[in-house]
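This report refers to the structure that appears directly beneath it.
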Amino acid sequence: MGLRQLAAALTILLVSGSSTLPAVPSVAHRPPLSPKQLRESLMADCMKRHRFRYIQDLEAPAPLTEAERRLAEGDYTAMLADREKNGFRIFARFVFPDDTGPGGVAAYRMHPNTEIIKALSRAQAQAYFEAQTSCHAWAAGRALGRKVTGFEDLDAQFKVAAETAMRDALDADLRLTAAARAYAACLKSKGRPVADSRPSQITSQIQKSLLDQLWELGRRQWPRMRGNVMPDLSRFEAAPYFREEVRAALDDLECGKDFYPVYQPRANAVQARVTREWGQE
């Protein structure tokens, strides 16, 4: 997140006094590692050579609840209820910190190595990041066949690949294009700026400024961290950001209510494919 050799592990089980050994599955019959699993395995090996601990980020996403499935399909009623309560789910996690169950707004999961880095001194953190950068470049090359300079470059290339796939799949669709134009016109009528009205870009127009605020707050709190850093905010601190988020999210939904049911399933399928290919799931 060289290549480890895979060896069959022999386990001796003594059941009811029997000394019969169970059959050991052949390595050839084990399921192949996903791109992410292979990259994370290589990352751990590489960081170990640099004398740093690295916890592999292999937690599988939880299955969707019925409410999440309806949201993913662009169902208006489900989206309205969610946005009235949670906005875009950006600052809501700080306002509802106890909502940590499946699909909860406070269920944000940091990378398992975040706490390791936070405990390091400034000099140690710098050494960790230097090792991490070289290891990311090496692991991505081996596992994904991608030439990158480090994690930030991998993330940037993944985003470009995802955006390109979205454009290729969605922007030539005449039905989506017409719906996106109506969506953009509605947002502008509500005083919401729209820089890009293409189907692949329209849903992120309002969210981007809110996310920029979030990451900037995080970088101020954790200057040793790199990339998008989640801040630690109290309910009081998050409240003004959240109130604007809810207003913006409701405006966005009302303007995009005819667009989302057509767009969402197709966009999800494209995103899932590219995410796996780049080991980002």
Worked verdict on Arg93 versus Asp99 for side-chain contact (heavy atoms from CB on, under 4.5 Å): CA-CA 8 Å; Arg93 59 177 53 91; Asp99 188 9; over 6 Å; no

Gln221 side chain to Asp232 main-chain N or O, any donor-acceptor pair under 3.5 Å? yes

Within the structure provided, determine whether Cys186 and Glu254 are in side-chain contact (heavy-atom separation under 4.5 Å). no

To the nearest 0.5 Å, what is the distance between CG on Leu170 and CD1 on Ile202? 13.0 Å

Distance-only, no hydrogens or angles: does the Glu245 side chain make a donor-acceptor pair with backbone N or O of Arg89 under 3.5 Å? yes

Let me confirm one number: the CZ-CD distance from Phe88 to Gln207, rounded to the nearest 0.5 Å. 4.5 Å

pair Asp173-Arg266: side-chain heavy atoms closer than 4.5 Å: yes

Give a yes or no on this: more than 12 heavy atoms of other residues, nucleotides or ligands lie within 6.0 Å of atom CZ of Arg181. no

Nearest heavy-atom approach of Arg273 to Ala165 is NH2-CB, 3.9 Å

Return the OG1 to NZ distance between Thr77 and Lys257, rounded to the nearest 0.5 Å. 11.0 Å

Taking the side chain as every heavy atom from C-beta outward, state whether Ile116 and Tyr54 have any pair of such atoms under 4.5 Å apart. no

Donor-acceptor pair, side chain of Arg146 and main chain of Gly141, under 3.5 angstrom: no

Going through the distances and angles, do Val148 and Phe158 end up as a side-chain contact (heavy atoms from CB on, under 4.5 Å)? CA-CA 10 Å; Val148 303; Phe158 163 68; over 6 Å; no

Do Leu71 and Met79 have side chains that get closer than 4.5 Å, going by heavy atoms? yes

Is atom CZ of Arg175 surrounded by more than 12 heavy atoms (other residues, nucleotides or ligands) closer than 6.0 Å? no

Search all heavy atoms of Pro223 against all heavy atoms of Arg220 and return the closest pair with its distance. CD-O, 3.8 Å

For Gln213 and Leu210, what are the C-alpha separation, side-chain angles and deciding distance, and is it a side-chain contact (heavy atoms from CB on, under 4.5 Å)? CA-CA 5 Å; Gln213 289 179 326; Leu210 295 166; 3.8 Å; yes

Counting only N and O atoms by type, is there a donor-acceptor contact under 3.5 Å from the side chain of Ser41 to the main-chain atoms of Gln37? no

Is a side-chain N or O of Asn268 found less than 3.5 angstrom from the main chain of Ala72, in a donor-acceptor match? yes

Is the shortest distance from a Lys or Arg side-chain nitrogen in Lys159 or Glu152 to a carboxylate oxygen in the other one below 4.0 Å? no

Can you name the closest pair of heavy atoms from Ser197 and Ala184 and give their distance? CB-CB, 3.6 Å

Is the side chain of Gln201 donor-acceptor paired with the backbone N or O of Arg198 at a distance under 3.5 Å, no angle test? no

Salt-bridge test for Glu73 and Arg70: reply yes if a basic N is under 4.0 Å from a carboxylate O, no otherwise. no

With the 4.5 Å side-chain cut-off for hydrophobic clustering, are Leu211 and Val246 part of the same group? yes

Is a donor on one side and an acceptor on the other found under 3.5 Å between the side chain of Gln205 and the backbone of Ala195? yes

With a 4.5 Å cut-off on side-chain heavy atoms, are Gln280 and Asp155 touching? yes

Check the angle between the aromatic planes of Tyr183 and Phe259 and answer parallel, tilted or perpendicular using the 30° and 60° thresholds. tilted

Is there side-chain contact between Leu154 and Leu144, with at least one heavy-atom pair below 4.5 Å? yes

Which heavy-atom pair separates Pro261 from Gly74 by the least distance, and what is that distance? CG-O, 3.4 Å

Is there a side-chain contact between Gln132 and Cys135, using heavy atoms and a 4.5 Å cut-off? no

Got a sec: does the OH of Tyr128 have more than 12 other heavy atoms crowding it under 6.0 Å? yes

Between Asp212 and Lys208, does at least one N-O distance fall below 4.0 Å, as a salt bridge requires? yes

Hydrophobic cluster membership, Val270 vs Leu64, 4.5 Å side-chain cutoff: no

Where is the tightest heavy-atom contact between Met230 and Phe94, given as atom of each residue plus distance? SD-CZ, 3.7 Å

Show, in sequence, the C-alpha distance, side-chain angles and deciding distance for Tyr260 and Asp252, and conclude whether the side chain to side chain donor-acceptor pair (under 3.5 Å) test is met. CA-CA 10 Å; Tyr260 276 108; Asp252 177 83; 2.6 Å; yes

Just by modelled atom types, is the Ser200 backbone N or O under 3.5 Å from a matching donor or acceptor in the Asp171 side chain? yes

Count the heavy atoms of every other residue, nucleotide or ligand shown that sit under 6.0 Å from NZ of Lys147, and state whether that count exceeds 12. no

Whether Lys36 side chain and Asp57 backbone form a donor-acceptor pair below 3.5 Å: yes

Quick one: are Glu277 and Pro35 in side-chain contact, heavy atoms under 4.5 Å? no

Mutual orientation of the aromatic rings belonging to Phe151 and His136 [parallel < 30°, tilted 30-60°, perpendicular > 60°]: tilted

Hey, mind stepping through Arg53 and Glu115 against salt bridge (Lys or Arg N to Asp or Glu O under 4.0 Å) and telling me if it holds? CA-CA 11 Å; Arg53 183 184 178 214; Glu115 293 303 321; over 6 Å; no

Spacing of CG belonging to Leu233 relative to CG belonging to Leu217, to within rounding of 0.5 Å: 5.5 Å

Counting distance only, does the side-chain N/O of Arg39 pair as donor-acceptor with the main-chain N or O of Gly279 below 3.5 Å? yes

Is it true that, when you exclude Lys118 itself, more than 12 heavy atoms of the residues, nucleotides or ligands shown sit nearer than 6.0 Å to its NZ? yes

At their closest point, which heavy atom of Val229 faces which heavy atom of Arg219, and how far apart are they? CB-N, 4.2 Å

Rounded distance (nearest 0.5 Å) linking atom OG of Ser134 with atom NE2 of His50: 3.5 Å

How long is the straight-line distance from CD1 of Ile90 back to CZ of Phe242, given to the nearest 0.5 Å? 10.5 Å

